[in-house]
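Notes follow once the structure below has been shown.
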Amino acid sequence: MIFRQCSAGGVVYGDHSSTQETFIDTTMTQNLRMNTPQAGIIHEFLLAVSLCHTVVTEPNPDQPNKPIYLAASPDEAALVKAAASLDYTFLKREPNHISVRVRSRADNRGGEPKYDVLNYELLEVLEFTSERKRMSVLVRTPEGRILLMCKGADSVICDRLAPHQPYLDRTIAQLDEFAGHGFRTLCIATTEIAPEFYTEWKKQFVIAATSMDRRKEKIAEACNVIERNLQLIGATAIEDRLQEGVPECIAQLRKADIKVWVLTGDKMETAVNIGHSCNLLTKGMTLFTLNETSLDRVREMLYKFRGELHDASAPCGLIVDGRALHYALSVDLRKDFFDLATQCKAVICCRASPIQKADVVSLVRVTNPRDITLAIGDGANDVAMIQTAHIGVGISGKEGLQAVCASDYAIGQFRFLQRLLLVHGAWSYERISKLILYCYHKNICLYVMQFYFAITSGFSGVTMFERWTIGLYNICFTAAPPFIIGIFDRSCSADSRMRYPILYGVSQRGELFNYAVFWRWIFSSLIHAAVIFSLTYGIFFQGVLWSDGQMSGGFLFGAAAFTYVIVVVCLKAGLETSSWSVFTHVGIWGSIVSWFVFLPIYSKIWPHFLGFGEDFVGIADAMFSSWLFWFGLIFIPITTLLFDVLYKAVNNTGYTSVVDTVRRMESLGITDLDVFLDVVKPRPLLENVTLLGMMGRHAPTSATATPAGPPQQRGYAFSQDEGGAVSQARVVSLYGATDSVPNRERMQRLSVNSLQRVHPLQPPYH
């Protein structure tokens, strides 16, 4: 957040094209020093900026006159720091006082500057909420006057202005100019309160603040009473730069056919400017602007846009203002709004409150339940949206940790969302799908054989397998393959998935886990169990006569079948594994070896060490000495898995998918598609080549544009926690900055927001 420009008394200060990290304007400083006609309004403006906030300070031992600022909102921190750079330094906050260090206006000489420390009595803090869209402070000046200083959205400030505002028209025009540069704006206004009126109002406010019923509404009503007849003195413009990699991330997500909707509290001009800079809105895109202020007009525009959308040849984008969004989300128009929005390439909802953000996400979930929604945000205003979506992602930054605490996943920057979705999300889907299906497969192969055995044994109740071997089947002998599949398996490398976002379509379409795939695995498992049982039964049906004159028994038949099942299910895991690593080899071959190590030990342990296992005595020696067993160990797994191998070979050769094409490129060590097509003969399927070619193209360069339509409704940008266990007003009233050590422990107990911020776009829907 960088304080880039401001308007004081209808005059703009600052350079919108500056690349410096601090606000510096010599004209503003000279007007103050030289006591020009603008000096008075500049003084009031900077005093309001340095007093109207909830920032707290900590002592700076190195520079006592430059304290460390701790702000719940990075917007407020930027404002206070900008005022300090203009010699209006917020020094400290005490429970009932605020101190500001101001350079003397009479000091227009050279040499060492003179400063005055002004102490203002803090009477009340009227907190910011998403409904109020403003905050105010009541202070008593050193001269004994009572001032109300207010900052907030111009839409609410202008409604509370007194008549005859000399700077209103110029300031409104300048706000549009600020928004055109993509800056976030706030209006600053003040008014003097009569002591008698304040005394009466204070009684009403205390009653509202201590009310046990409808406290929030009563406080808002009390605030509306005193926030009247304001005098507009200026406006601020804060640059909120996009993080590194945001445009590239948005472009890659759209290539993956993920719909990106932006829900923001910024004004329309700011949001559109950011939409172009991040490649969400592209050159040549037709923009539909919905900023009507009545239900009938919103309905009329929705029908009009839907008609134009069918005739449009270029991609379309939808820009919705907060007031129009209120009507669009009503019961009568929800379906029409959703149909229009889903047909547009990009959707931006401006000046949206936290409740509206959550309503938009809920609209998608309810209207189209098959769609999966993801909401990403970084501040307290995004918590409702994050909690409403299927998947919530919080960004840990200067907005605090509210979004992170309410989310399912936490990332450090917005660009990491690309890797979270396209790489880890796709890998997780593949692994979980295979893991579930494989667990069904390996258990059906074993336990259905017991049913087949019951048929051949006349349902006598005789068990086919020894009880302890059955108990250790999932715990020991086949425990490793599911872990290997669920942790290490991946069809394509991370680099390939980042390079070719279209690979994400496999998980979007649910190709690896659906009813067809599930029942195909179940049918395959039943066939495997039947083949293993039939072949084993055929081998041992006539009985085996050993050299000692003994015949094979039921548990010998069961132990042989158990061995073949373990080998088959482990090889099946290897067949379904997309990438082999050291862990894969250890897990699959180690599982087979573990059974062959366990078998001779368990068959000889009774009665020397354990009091059970008498039914298994001598089984290992008898089985290992039979050539039929070793023949079956080779013949039965090959026969059982032969169809699986043929199916996989035909599918990968004759019906090559995009994933198969990329995997082949990886195996050849080729990353360029054109080089791959020159090397590989015959060429892959044409449709896959076309898709891969599309993936290699860059997104169009962003262009500056303004949406067509009626004059834009101006919005605001103000971020602050609300609805917490302890209010900001309570925090600042209890905070004492006169301590010699940082007061962090008290701040932590009061649940003050973490003081870092990153402000990305907020796409809730994919």
Side-chain angles (χ1 to χ4, degrees), residues 1-8 13-15 18-33 38-39 41-94 97-105 107-108 112-120 122 125 135 137 139 141-142 147 149 151 183-184 186 188 190 233-240 398 718-720 732 735-738 742-743 755-757:
M1 288 290 184
I2 302 175
F3 187 97
R4 188 61 71 195
Q5 285 185 292
C6 67
S7 169
Y13 301 96
D15 184 7
S18 174
T19 58
Q20 298 183 14
E21 298 295 326
T22 58
F23 175 83
I24 298 177
D25 190 289
T26 56
T27 303
M28 197 174 198
T29 306
Q30 289 175 359
N31 287 341
L32 279 172
R33 300 289 83 78
Q38 288 290 325
I41 194 68
I42 295 176
H43 174 72
E44 292 183 27
F45 174 79
L46 293 178
L47 269 182
V49 171
S50 59
L51 291 174
C52 184
H53 55 76
T54 57
V55 177
V56 295
T57 62
E58 283 193 354
N60 187 349
D62 299 329
Q63 295 178 306
N65 292 325
K66 294 183 178 180
I68 301 172
Y69 294 131
L70 306 177
S73 164
D75 305 78
E76 289 200 321
L79 292 173
V80 173
K81 290 177 181 178
S85 67
L86 296 170
D87 294 329
Y88 281 73
T89 306
F90 167 54
L91 283 182
K92 60 183 179 180
R93 180 187 298 275
E94 295 178 351
H97 290 85
I98 298 179
S99 298
V100 180
R101 184 173 179 263
V102 179
R103 183 171 179 175
S104 176
R105 294 176 58 186
D107 180 21
N108 55 10
E112 189 70 21
K114 296 181 179 179
Y115 293 91
D116 300 326
V117 176
L118 305 180
N119 294 313
Y120 290 83
L122 181 61
V125 176
M135 75 156 293
V137 295
V139 297
T141 67
L147 295 180
M149 300 178 178
K151 67 179 179 183
F183 298 153
R184 309 178 68 183
L186 288 173
I188 308 295
T190 63
I233 59 176
T236 63
I238 297 178
E239 181 181 6
D240 189 7
K398 293 183 179 180
F718 192 95
S719 174
Q720 184 167 311
V732 298
Y735 186 86
T738 58
N743 206 347
L755 305 171
Q756 297 178 340
R757 182 174 194 265

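Quick note: residue numbers are just sequence positions, from 1.
Residues Ser99 and Val117 share a closest heavy-atom pair of CB-CG1, 4.4 Å. Shortest non-hydrogen contact noted between Phe3 and Ala78 is CB-O, 3.9 Å. What you find for Thr141 and Leu147 is that their closest heavy atoms are CG2-CD1, 3.6 Å. Nearest heavy-atom pair across Phe45 and Cys6 is CZ-CB, 3.8 Å.
Distance alone, capped at 3.5 Å, is enough to place a donor-acceptor pair between the Arg93 side chain and the Val55 backbone. Proximity of a side-chain donor or acceptor of Glu76 to a complementary backbone N or O of Thr54 within less than 3.5 Å is detected.
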Checking side-chain contact (heavy atoms from CB on, under 4.5 Å) for the pair Met135/Val125: CA distance, chi angles, key distance, verdict?
-> CA-CA 8 Å; Met135 75 156 293; Val125 176; 4.2 Å; yes

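Phe183 meets the ring-ring contact (aromatic ring centres under 6.0 Å, His included) test with His181; sequence neighbours excluded.
Note that OH of Tyr88 and CG of Leu32 are 4.5 Å apart. Values are rounded to the nearest 0.5 Å. Taking OG of Ser50 as the start and CG of Leu118 as the end, the distance is 8.5 Å to the nearest 0.5 Å. To the nearest 0.5 Å, atom CE of residue Met149 and atom CD of residue Glu44 are 8.0 Å apart. With values rounded to the nearest 0.5 angstrom, Lys66 atom NZ is found 9.5 Å from Asn60 atom CG. Note that the CG atom of Asn119 and the CD1 atom of Ile98 stand 10.5 Å from one another [nearest 0.5 Å]. Rounded to the nearest 0.5 angstrom, Thr236 OG1 and Ile188 CD1 are separated by 5.0 Å.
Here the side chains of Lys151 and Leu79 are in contact, with some heavy-atom distance below 4.5 Å. Considering only heavy atoms from C-beta on, Thr89 comes within 4.5 Å of Pro67 through its side chain. Leu47 is listed as a side-chain neighbour of Tyr120, based on a closest heavy-atom distance under 4.5 Å. In this structure, Asn31 and Tyr13 have side chains that are in contact, with non-hydrogen atoms separated by less than 4.5 Å. The side-chain heavy atoms of Met28 and Leu46, taken from C-beta on, include a pair separated by under 4.5 Å. Side-chain contact check for Tyr69 versus Thr57: some heavy-atom pair is nearer than 4.5 Å.
Ring-plane geometry between His53 and Phe90 is classed as perpendicular, the angle between the planes exceeding 60 degrees on a 0 to 90 degree scale with a lower cut at 30.
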